[in-house]
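Data block below; observations after.
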Number of protein chains: 2
Amino acid sequence: MSAFKPLDPLLHSQLRLAVMSLLIGLDEAEFTFLKEKTESTAGNLSVQLDKLEKAGYIKIEKSFRDKRPLTTCSITPMGVKAFEEYVENLKNYIS
Amino acid sequence: MSAFKPLDPLLHSQLRLAVMSLLIGLDEAEFTFLKEKTESTAGNLSVQLDKLEKAGYIKIEKSFRDKRPLTTCSITPMGVKAFEEYVENLKNYIS
DNA sequence: TAAATTGGTTTATATCATAAACCAATTTAT
DNA sequence: ATAAATTGGTTTATGATATAAACCAATTTA
């Protein structure tokens, strides 16, 4: 019991975890919203969103609004599962 | 409320967190015990213990037992505080 | 006395997080 | 009209980090 299960390295990152934490409670979120909430730089956020998308944890949709580019993110079922598993595993470390 | 407070980078590491998690429940622990429990390599563990010690989070004592080197670790009050704060901050991310 | 084991440390490497630099388009100021 | 600033990002560079691999000294076993 209570062994230290490995923590998904993709989620064990402050910014990516914060993003997932936000997305899990929302239908979708815009790039700028995530940037504000996480207080990250655009560059860092862009890179980390890419990684989450490549892992299949989030979906990224690009469109235009008021002639401006608009990036919208949402968590996937895979992402939800990964997040929940990460949290479960983490509990062994902090309880 | 529920802002993403920064996570102490020294604790936001799987192995170091596991070590702290073990030490917080014990008076002291031997190197080999930590190695077994965390399923880490000796090299990795050695490096991470060094970092925790340099941060003042743990105390490392070296002695001999049965003519063999014996490394014993214990958490410091500073370490306890840092761990507790880390856990508190982490909760914003996973709840 | 050679080989294996114990209990580690040091070094090398590959990955990661992050910031800095950049880019295209739009809006605002002159 | 055009230059400067802003928006909404992406790409690139770099320094830190985690980890494994190599190493070392002493002891024990074959």
Side-chain angles (χ1 to χ4, degrees), chain A residues 4-22 28-55 57-74 82 86 89-90 93, chain B residues 4-22 28-55 57-74 82 86 89-90 93:
Chain A
F4 295 111
K5 302 245 186 74
L7 300 174
D8 184 342
L10 241 127
L11 294 183
H12 199 62
S13 137
Q14 190 168 326
L15 183 47
R16 288 194 299 270
L17 189 62
V19 166
M20 293 293 281
S21 176
L22 287 167
E28 53 178 35
E30 295 171 16
F31 186 95
T32 52
F33 171 84
L34 294 174
K35 182 169 173 293
E36 277 165 32
K37 285 292 181 182
T38 59
E39 295 173 78
S40 63
T41 62
N44 192 8
L45 182 57
S46 181
V47 169
Q48 307 311 328
L49 288 180
D50 258 20
K51 290 184 186 179
L52 289 173
E53 188 189 30
K54 268 164 193 151
Y57 290 179
I58 68 171
K59 187 167 53 109
I60 300 183
E61 285 182 302
K62 285 170 192 307
S63 59
F64 285 87
R65 183 177 54 192
D66 300 338
K67 301 181 184 173
R68 299 284 180 77
L70 177 68
T71 299
T72 310
C73 309
S74 57
Y86 173 82
N89 289 342
L90 191 59
Y93 292 76
Chain B
F4 296 112
K5 300 245 186 76
L7 300 175
D8 184 344
L10 241 127
L11 294 183
H12 199 63
S13 137
Q14 190 168 325
L15 183 46
R16 288 195 299 271
L17 189 63
V19 166
M20 293 293 281
S21 175
L22 287 167
E28 51 177 38
E30 296 171 15
F31 186 96
T32 51
F33 171 83
L34 294 174
K35 181 170 173 293
E36 277 164 32
K37 286 290 181 181
T38 60
E39 296 173 78
S40 63
T41 62
N44 192 8
L45 182 57
S46 180
V47 169
Q48 307 310 328
L49 288 180
D50 258 19
K51 290 185 186 179
L52 289 173
E53 189 189 29
K54 269 165 193 152
Y57 290 178
I58 67 171
K59 187 166 53 111
I60 300 183
E61 283 182 302
K62 284 168 193 306
S63 58
F64 284 88
R65 183 176 56 191
D66 301 338
K67 301 181 185 172
R68 300 282 179 76
L70 177 68
T71 299
T72 310
C73 309
S74 57
Y86 172 82
N89 288 343
L90 192 59
Y93 292 77

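Note on naming: letters A, B, ... go to the chains in the order of the sequence lines (proteins, then strands), and numbering restarts at 1 for each one.
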Salt bridge (charged side-chain N to carboxylate O under 4.0 Å, His left out) partners of B:Glu36, counting only residues at least two apart: none
Result for 5'-nearest mapping on DNA chain C, choosing between A:Arg68 and B:Lys62, is B:Lys62
For residues 65-74 of chain A, the salt bridge (Lys or Arg N to Asp or Glu O under 4.0 Å) pairs (sequence neighbours left out) are A:Glu30-A:Arg65
Taking only residues two or more places apart in sequence or in another chain, which ones pass side-chain contact (heavy atoms from CB on, under 4.5 Å) with B:Lys5? B:Asn89, B:Asn92
Go through DNA chain D in 5' to 3' direction and return only the first and the last nucleotide with some atom under 4.0 Å of chain A's heavy atoms. D:dT7 to D:dT12
Suppose we screen for side-chain contact (heavy atoms from CB on, under 4.5 Å). Which residues come up paired with A:Lys62, at least two apart in sequence or across chains? A:Ile60, A:Thr71
List for me each residue that meets side chain to side chain donor-acceptor pair (under 3.5 Å) alongside B:Ser21, sequence neighbours excluded, and say none if there are none. none
Students should find that the end-to-end axis angle of the helix from C:dT1-D:dA30 to C:dT30-D:dA1, with five pairs defining each axis and rounding to 10 degrees, is 10°
Partners passing ring-ring contact (aromatic ring centres under 6.0 Å, His included) against A:Phe31 (at least two apart in sequence or in another chain): none
Can you list everything that forms a salt bridge (charged side-chain N to carboxylate O under 4.0 Å, His left out) with B:Glu39? Sequence neighbours excluded, please. none
Who pairs with A:Ala29 by side-chain contact (heavy atoms from CB on, under 4.5 Å), at least two apart in sequence or on another chain? A:Leu23, A:Leu26, A:Phe33, A:Leu34
Looking at residues at least two apart in the chain, or sitting in another chain, which of them share a side-chain contact (heavy atoms from CB on, under 4.5 Å) with B:Ser74? B:Glu28, B:Lys59
Give the B/S/- string for nucleotides 14-19 of chain C, one per nucleotide from 5' to 3', where a protein heavy atom under 4.0 Å of the base yields B, of only the sugar-phosphate yields S, and otherwise -. --SSBS
